[in-house]
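A quick write-up on the structure given underneath.
Letters A, B, ... are given to chains in the order of the sequence lines, protein chains preceding strands, and every chain is numbered from 1.
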Amino acid sequence: MIDPYYLQQLAIGLSQGVIYALMAIGFTLIFGVLNVVNFAHGEVYTVGAFAGLLLITAFAPPFLVVLFAVLAFGAALGFGLERIAFKPFRRFSDEASLKSRAMRESTLMSSLAVSIVVREGLEIGFGSQMQTLPFDYLINKPIELGPVTIVTGDVIIFAVAAVMLGGLQYLLKRTRIGLSIRAVSANPLGAKYVGIDTDRTIITTFALGSMMGAGAGILVGLYYGAIFPAMGFVPGIKAFVAMVMGGLSSIPGAVVCALLLGLSEGLATTFISSNWADMVAYGFLIVTLIFFPQGLFGAGRERV
Amino acid sequence: MSLLEIENVTRRFGGLVAVDGVTTRVEAGELVGLIGPNGAGKTTLFNLISGFTPLSAGAVRFKGEPIQGLKPHRIAARGMSRTFQNLRVFPNMSVFDNVSVGAVGAMGQSAFAAVFGRRARADAISARTWEALERVGLGGVAEDLAANLSYGKRKYLEIARALAMKPELLILDEPAAGLNDSETADLARFIRSLNGEGLSIMLVEHDMNLVMGICSRVVVLASGRKIADAEPAAVRADPAVLEAYLGVDE
Amino acid sequence: MSLLEIRGLTVAMGLQEILHGVDLAVPERGIVAVLGSNGVGKTTLMRAISGIYSPKAGSILFRGEDIARMKSHEIVARGLLQAPEGRQIFASMTVLENLVIGGGRHGLAELDRVMALFPVLGQRRGQMAGSLSGGEQQMLCIARALMARPSILLLDEPSLGLAPKVVKSIFDLLAQIRSEGLSILIVEQNAKAALRIADRAAVMEGGRIVIEGPSADLAGDPRIVEAYLGGHVH
Amino acid sequence: MSEFVRGRLVPLLVLLVVFALVPYGLAKFGKGYFFQVAQLVLIYALLAVSLHLVTGAAGLLHLGHAAFYGVGAYVAALLGTEMKLGFLWGLPAAGLAAAALAFVVALPTMRLVSIYFAVATLAIGQMIHTVLLNWVAVTKGPNGVMLFSGITLFGTPVKSPIAIYFLVAGLVALSIWVLHRLSHSYYGNALRSLREDDQCADAMGVDTVRLKIEVFTVSAFFAGIAGALWAYTTGYVSPGDFGFNTSILVLAMIVVGGLGSLPGAIIGAALLILLPEVLRGVGDLRNVMVGIVMFVSILFLPRGLLGEVSALSLVRRGFGLKWGAAPSDREVGWR
Amino acid sequence: AETVKLGYQLPLTGNTAQYGQDFKTAAEIALARFNASGRIPAKVEIVFEDSRSDAKEGVTIARKFVDDEKIVGVLGDFTSGVSMAAAQVYKEAGMPQLSQTASHPDYTKISEWQFRNITTQAGEGPYNADWMVAKGYKKVAVIAEQTDWGQSVTKYFADEIAAKGGKVVLTEYFNRGLPDFRSLLTKIQREKPDAIYTGFFYEDAANFLKQMKQLGIAIPVYSTSAAHNQKVIELAGADAEGLSLTTNFLPNSPKPEVKEFVAEWVKVRGAEPGQFPAQAFDAVNIMLEAVVKTYPKSTRAAIRDALAATKDFPGVTGSTTFGADREPVKQLSKVRIVGGVFTPVAD
Ligand SMILES: Nc1ncnc2c1ncn2[C@@H]1O[C@H](COP(=O)(O)OP(=O)(O)OP(=O)(O)O)[C@@H](O)[C@H]1O
Ligand SMILES: Nc1ncnc2c1ncn2[C@@H]1O[C@H](COP(=O)(O)OP(=O)(O)OP(=O)(O)O)[C@@H](O)[C@H]1O
Ligand SMILES: [Mg+2]
Ligand SMILES: [Mg+2]
C-alpha cells in the first residue's frame, strides 16, 4: 500500500494541474486560430473573476447563475478583445506582411498592451489586494476520500474542464464551425478561397476561448477565495507552457501537459521544496522539448 | 568517378515507398533531366541528395565521398546547391540580401569577421552577389523586397541565390513552372549557357520541350522506381515512359 | 448578358497601383483565358475577383450584382470558386478534410466525382495535405474548388507543376465541365493549351488588358505568337 | 545632401545628444535625475539592441533575456564583494559568465524553432531567476548583493555622476557599435535568412544551429555587460529586477521601436523608459497611459516606430559608403 | 514661511500597490494633523512618487528627490530591495531616509543616513520563540516567504528556539502569492510539529489558514506582525481563528494617539488599520518631529541628526527610540484571533 501521504500529494498536484488545464484549453484554442500568443488571456481570466465578484456582491445569485453569467460575459469580452487587439492587424493582407515577424510580434504586443491597461485599470478601480468573497460561495468544502482529502472545487473544476475538453473536441472534429476554425488556423488565406468567413470564425474562437478563460477565472477565484488583479499571471504562463509542451495544436495534449505540470510542481514541493517547484516544472519542459522538439503531441515540421 | 553517384537509394514514409532503390549518377559537366508523373518521388530524391530527408537505405556520393547523413548546409558547402519546387525566397529581405545569403553560405562569414574583419571579405561577397544578380538579370530590382516580386522573378531569384554559391552541381526543382513558352525558352537558353560554362545540372521538369531540348540524359521515375535512363530521344520513344508519364505524344 | 463582367477594375497595394482599369467579361458557359508574362497583374486580378483584395475603383458584376466590395465568403457563396496561385491548401489537415471544407454546404456530395477525376487523391485521402507532392497538391487545390459545385471556376495557373498527362486530362476536364454548364476564367502560362480550349482570350501587360478577342484570332496573332508561344507556331 | 542627412547626420546627432547635450544639461542644471534617466535609457538601449540581434534579426522570440542581464549583474556584484575584484574585472567577467551560461543552455535547445524556442527561453529565464532567488549560499537569495565599492579605473575612483555617465555611455556606445557591425553586415543577412526560412537558409550553406548558438551567446554577453553596468551604477542587485517582466519590457522595446531594426531598438528603449517618467504627473493612471501609448503606436505603426526596411536603408546609406567591388553606381551591400 | 518638503517613495501601482496606498493614506492623515496643529510656522508638504516596487524606478525617484533642494528627508520605500537600491543614492547625496518596512539586515548598515521604523526579526523572532517554548511547543515547523524578510524571519527564530532547547523540524520557503499551500501543509503535517511559525503577509496568511482547515490540520500557528491586518479575518473568516501573532500596534488600545489614528483611518477606509499603516503613520510622525526639532534650520544633515536622536517617541506602535545603529527599539505584544478579532493575550 502506498503511503497515504504520497497519495494526498498526488491528489493536490493533480488538482493544481486541472486548474492549469482549465486555463490552457481556452488559451490553446485561441492560439490555434491565429498562431499568436494572446497575452491578454490572463486578464480575461481575471476580469471574469471580477465580473463574478461584482455579480455576487450586487445580487447574490445562485452559483450556477454566476457561472453562466460569467461565461456569457467572457464571450463578450473575447469579442471585444478580438476587435480591439487583433482585428486591426489583419488589415494587411500582402505577403510581406503575412510572413513578417514584425507584424506577428506586433499582435503579440497589442495584446500585451491591452493586458497592461486592463490590469492597471483593475488595480486603480479595485486596489491590488485580494477581494473578499462571501464564504458560502466558495467551493472549498473538504471531501474525504479515504486517506485523501480534496475539496468540492476539485470535483467541480475537474468536471468543468472535462466538459469543456469534450465539448471542444466534439466541436472541432465533428462540426462545421470546428472545421472552419481548424481551416483558418491551418491557412487563413486558403480559408477565404473556400468561402469561410474568416472574421466570424476568428471572433467565434475568441469568444469561445475567452468564455472558457473567464469561466476558469471565477471558478479558481471561488476555489481559492482569492480574486485580485494580478491573479491571471501565473496560470497564464503555465497555460502557455502546457500548450507548447503539448504541441500547440492539440488541446488534449495541452490538458495532459497541464496535468503533468501540476503534478511535477506538487512532487517538487514534496521531495524538494516549494520555492524550487518552478525549477522542476520548467526543467521538465526543457527535457520534454529536447526529446520532442515539436511538443509531446505536435505534428512534425512541414516537408520541404 | 562521377560527380554525383546515387546508389540504391530508398525512402519510405510509413507504408509508402516514395523512392525505391534508385541508382543513377551525374557526370561532371552533364545536364541531366529527371522526369516522372506527379508523386513519382522526384522531389523526394532531391531532398535525399541534398540532405533534407534521411535515407531509408542506399548511398549517395558526391565527388567520390559519401554524403548521406550530412546536414544540408554541409552538403551545400561541398558544392551542391538547389532550388525549391515551392518557391522559398526570404520574403522580408531585399533581392540583394536574398542572394547574398547564398554567397555568405558558400564563403562563410564569422561573427568575429563581421565586427573586426577587413573590408576585402565583404567586398568579395558583395561582388559575388552582384555577379549572380546580373547573371539572371535582377540587377535592376536589387533593392526591392523579395515579397513584392512576381512569381517569375522569384524563380530567377532562387536561381541567383543558388548561383551565388558557385556550386559544382546545381539542382533545380521545376524551374520552368509558371513561365510561359517564350519565358521557358529564355530559361532553357539560360540553363544551357550555365551548363556550357561547365556547371553540372540536374533538373526536374514537367515541360517536355525544355527537358528534351537541353538535357543530355533523362532519368524517368514512376512510383519511386527508375523506369528509364537514356538519351532524350530514346526516352521519348520508350513505351513505358509514354504509358506512365507522357500520355499521347504531343 | 455576361455571367461575370469586370469594368474599370483598379487595384492598388499601398501607394502602388497594380491594375489600371481592367475590363473583362466571361459569358455564361464560356471559357476565357488570360495570358500575360510574369508580374503583369494576372494574379492580382484573380484575387480581386475573389474578394481577397478590395479594389480601388471599378466594379465586378456577377449575374448583374456588384461583388467588387463583398467579402470573399459572400462571393464564394454565390458560386464563384477559385483554385488560387500558390495552392493555399490546408497543409496540416488531411486530404479528405481539405475536400470536406471545400465542399462547404454541399459537404461530400461531389466527392465521388472528384475522386474519379483525381484517383491519386483517393489513395492519399488520409495523408496530411502538406506532405503531398507538388503536383498532388495542385490536384487537391483544383479538386477542392470543384467540391463546392461552382457556377464559375477561376483557375490561376492550374497546370503548374503537373505532369503532361495530367495537364492534358485537366484541360479535357475543363471542356467537359463547361459543357455541363460551368463558366471558366483561366490564367495560364501554357498559352497553347489555354487558347485551344478557350472561347475568348485576353492578354495583359502592365496591369492593363491590351488585346482581347476570340481565342482563335489570338492564336494566330503574330504578337502573341512572338511573346507567349515561344516564337513559333506548332 | 539628403544622403548625408539620412545616413551620417542621424547617428551623429544621437552621439551628440549622448555625449554632449545630456552631460551639458547635467552640468548646467546639476540635476542627477535627468542623468539617472539617461543612464537608464543607455543600459536598456544596450539590452534592447542585444535582444534585437536574437529576436529582431535572427527572428528567435526570446522571452528570457532579463535572466542573462541578471547573471551579469550578479557576477559583477559578487566578484566585487566576495573576491574584491573591481570594475575592470567585473565588467568582462559579467559578459563572459552570461555568455558561457547562454552557450551551455543553447547547446541542447537551439534545434527548437518558432514558439517552441520561445517557450524554451521563457523556461530558461525562469529557471535562472529561480536560481538567483533561491540559491542562497551563492547569490544570497532574496537578500540580494550590495556592492559598496564604486567604480575604480586603474586605481582612480570614478565618483562624479558625470564621469560615471561618460563611462556608461562610452561602454554602451562601444557595445552597440559591435552589435551594429553584427547585424548590419553579411553576417546580419545570414541571421535574417534564419528568421525568414531556416530550412532554406540551411540549403544555402548556412549552419543554422551554429549561428543560433552564436547569436544567443553574443546577445547574452552584452546583456551581461548591461547587467554589470546596472550593478555598478546602482550598488545593489536583487533577483526581483531580472524576472519575466523585465524580459517582456525589453521585448516590448524592440517591437515598439521596430522589430528587426537596430535604431528602432534604441528608440523603443528610450520611449519605454522615458514615457513612465514623463507621465509621473498623471499619478496612478500613468501605467494605464503607458499601455495606451504602446497600443496606439503599435496600431498605427505595426512595423514599429522605425521599421526594419527603412532602418536598413538608412544604415546602409550611412555607414556603408560606396561598395568598392561593385559597379560604381551600386550602393547596395554591406561592409 | 516657506514650506518644508519631504519625499515619500512607495508603490502606488503594480502588484504591491495595496501597501503603498495604505502608506499614503497613513501619511496623509499624519500630515493633515500636523499641519493643522501649527507646531511650526510653516506648512510641511510630502511629495509622493510611485516606485512600483521596481528598483530602477526607485533609484530614479531617489535622484529626483535629491535634486529637489527643498526636500530635506525621505520616507520609504516598501520593499528592502527598492529601499536599498535607492539608499545608495541617498548615501552619496546625504539625504536622511526612513523606511517604514525595509527589514533587510543590511539596510541600516548602508550608511548613517538610513533609518527604519520596523522591528527587525532580531527582536521579533526570539520573542515569538520564547512565547512558543513557554507554551510547551518544542517541535516547530517554520515556513516563510522567499524574500529577504522571510530569510530573517526563519534565521532569528531558529537561533533562539535552538537556544531554548526547541527544535525546528522543517524549514521551507515559498514564493509570495503562492495560491496553493496544500502540498506544503501536507508536508508539514507529516513532520507532526507542535506548532508552526510563519513568516508571511496577510494575504498568504489567509490562504494558508483556509487551506489548513480544508485539510483538517489542527496545529497552532504563530506569526509575525506582518500578518496583523483585519484582512486576514475578512479573507479567511472562521478559518483564521486561533492565529497567534506578535505586534506592536493594538488598534483597540485606549491610548489617545491610537484612538485618534484609528478613528481617522476608519473614516477614510471604513475598516481598522493593521500593523503596516500604523508603522507608516509613526514613521511620518517621527520625521515630522525631526522637522519640528530643527525648524527653521531644517537641513538634510540637521534632520538626520534629529532623527538619530529620536528617543521615546510616543507612536501608535508604541514608543520608539533609535539605537546607535539607527534601528528602532520597540515593545511587542501578543495577540490572537479570538471570535473574529485580534485580541491581546497574556500567553
Ligand atoms: N513526408 C511525407 N509523408 C508522407 N508521404 C510523403 C511525404 N513526402 C512525400 N510523400 C509522398 O511521396 C510521394 C513522392 O513525392 P514527391 O514530392 O517526391 O513527388 P514528385 O515526384 O516530386 O511529384 P511532383 O511532380 O508532383 O512534384 C508522393 O506521393 C507524396 O505524397
Ligand atoms: N504587396 C505588393 N506590393 C507591391 N507590389 C506588389 C505587391 N504584390 C504584387 N505586387 C506587384 O504587382 C505586380 C503583379 O503581380 P501579380 O502576382 O498579379 O502578377 P502575375 O501576373 O500573376 O505574375 P505571375 O505570372 O508571375 O504569377 C507584380 O509586379 C508585383 O511585383
Ligand atoms: Mg516535386
Ligand atoms: Mg500569378
Side-chain angles (χ1 to χ4, degrees), chain A residues 31 35-37 39 84-85 88-89 91-92 96-97 99-121 123-124 233 237 240-241 243-245 247-248 273 275-279 281-287 289-290 292-295 298 301-302 304, chain D residues 55-56 59 61 105 108-109 111-120 122-127 129-131 133-134 141 195-197 199-200 203 244-245 248 251-252 254-256 258-261 284-299 301-304 307-309:
Chain A
F31 180 89
N35 281 309
V36 280
V37 179
F39 262 115
I84 293 173
F89 297 94
R91 64 184 192 262
F92 305 94
S97 301
K99 295 201 174 149
S100 150
R101 279 241 147 228
M103 300 296 283
R104 284 182 53 135
E105 311 313 7
S106 67
T107 331
L108 183 141
M109 278 301 136
S110 72
S111 68
L112 178 70
V114 167
S115 88
I116 291 177
V117 172
V118 169
R119 191 176 55 244
E120 299 284 339
E123 275 171 6
I124 291 173
F233 180 70
I237 290 198
F240 178 34
V241 168
M243 170 186 85
V244 173
M245 219 165 135
L248 297 183
S273 152
N275 51 331
W276 288 100
D278 265 1
M279 193 77 178
Y282 288 119
F284 189 41
L285 168 82
I286 295 278
V287 172
L289 286 183
I290 289 175
F292 302 88
Q294 309 283 318
R301 290 195 78 178
E302 243 174 76
V304 179
Chain D
T55 301
L61 190 55
V105 297
T109 48
R111 276 164 212 291
L112 301 175
V113 293
S114 67
I115 199 84
Y116 296 100
F117 177 89
V119 87
L122 169 89
I124 289 167
Q126 296 292 79
M127 286 165 86
H129 180 249
T130 308
V131 170
L133 182 63
N134 294 309
R195 168 189 76 192
E196 298 292 307
D197 185 339
Q199 289 177 327
C200 179
F244 183 64
N245 284 333
I248 293 299
L251 181 64
I254 63 171
V255 175
V256 169
L259 197 64
S261 139
D284 294 357
L285 268 172
R286 75 186 171 113
N287 295 298
V288 176
M289 299 287 288
V290 170
I292 292 175
V293 171
M294 215 170 114
F295 180 75
V296 171
S297 87
I298 284 287
L299 184 66
L301 294 168
R303 284 173 189 277
E308 175 169 17
V309 174

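Neither the backbone nor the side chain of Ser111(A) comes within contact range of chain D; no heavy atom of the residue lies under 4.5 Å from a heavy atom of that chain. Neither the backbone nor the side chain of Val118(A) comes within less than 4.5 Å of any heavy atom in chain D. Residue contact with chain D, scored on non-hydrogen atoms closer than 4.5 Å, involves the side chain of Leu108(A) exclusively. Contacts of Ile286(A) with chain D are made by side-chain atoms alone, with heavy-atom separations under 4.5 Å and no backbone atom involved. Proximity to chain A is limited to the side chain of Phe244(D), based on heavy atoms less than 4.5 angstrom apart. Residue contact with chain A, scored on non-hydrogen atoms closer than 4.5 Å, involves the backbone and the side chain of Val131(D) alike. Only the side chain of Leu112(D) comes within contact range of chain A, with heavy atoms under 4.5 Å apart. Using a 4.5 Å cut-off between heavy atoms, Leu301(D) does not touch chain A at all.
Closest approach of Gly291(D) to Ala113(A), counting heavy atoms only: O-CB, 3.5 Å. Taking each heavy atom of Gly121(A) and Val288(D) in turn, the nearest pair found is N-CG2, 3.9 Å. Here the closest heavy-atom approach between residue Ile248(D) and residue Phe39(A) is recorded as CD1-CZ, 3.7 Å. Closest approach of Thr130(D) and Trp276(A) over heavy atoms only: CG2-CE3, 4.0 Å. Taking both residues in full, the closest heavy atoms of Leu112(A) and Ser115(A) are given as O-OG, 2.9 Å, listed atom of the first, atom of the second, then distance. For the residue pair Ala252(D) and Met294(D), the shortest heavy atom distance occurs at CB-CE, 4.0 Å.
Looking at Asn134(D), its side chain does come within 3.5 Å of a backbone N or O of Asn275(A) through a donor-acceptor pair.
The side-chain contact (heavy atoms from CB on, under 4.5 Å) test applied to Phe89(A) returns Ser106(A), Thr107(A), Ser110(A), Ile298(D), Leu299(D), Pro302(D), not counting sequence neighbours.
Note: Phe240(A) CZ to Leu285(A) CG = 9.5 Å, rounded to the nearest 0.5 Å.
Contacts with chain A were tallied for Val290(D), Leu61(D), Leu122(D); Leu61(D) has the most, counting heavy-atom pairs under 4.5 Å. Annotation: maximal heavy-atom pairing with chain D below 4.5 Å, among Ala281(A), Pro88(A), Ser100(A), occurs at Ser100(A). Looking only at heavy-atom pairs under 4.5 Å with chain A, the residue among Ile115(D), Thr55(D), Val293(D) that has the most is Ile115(D). Counting heavy-atom pairs under 4.5 Å between each of Gln294(A), Glu123(A), Met245(A) and chain D puts Gln294(A) at the top. Note: Gln199(D) leads Glu308(D), His129(D), Gln199(D) in heavy-atom pairs under 4.5 Å with chain A. Most heavy-atom pairs under 4.5 Å with chain A, from the set Leu259(D), Thr109(D), Leu133(D): that is Leu259(D). Here Arg91(A) is the residue among Arg104(A), Arg91(A), Met243(A) with the most heavy-atom pairs under 4.5 Å with chain D. Top candidate by heavy-atom pairs under 4.5 Å with chain A, chosen from Glu196(D), Arg303(D), Met289(D), is Arg303(D). Per-residue counts of heavy-atom pairs under 4.5 Å with chain A were compared for Ile124(D), Leu251(D), Ile254(D); the largest is that of Leu251(D).
The side-chain heavy atoms of Leu289(A) and Phe117(D), taken from C-beta on, include no pair separated by under 4.5 Å. Contact check for Val241(A) versus Phe284(A): no side-chain heavy atoms found under the 4.5 Å cut-off.
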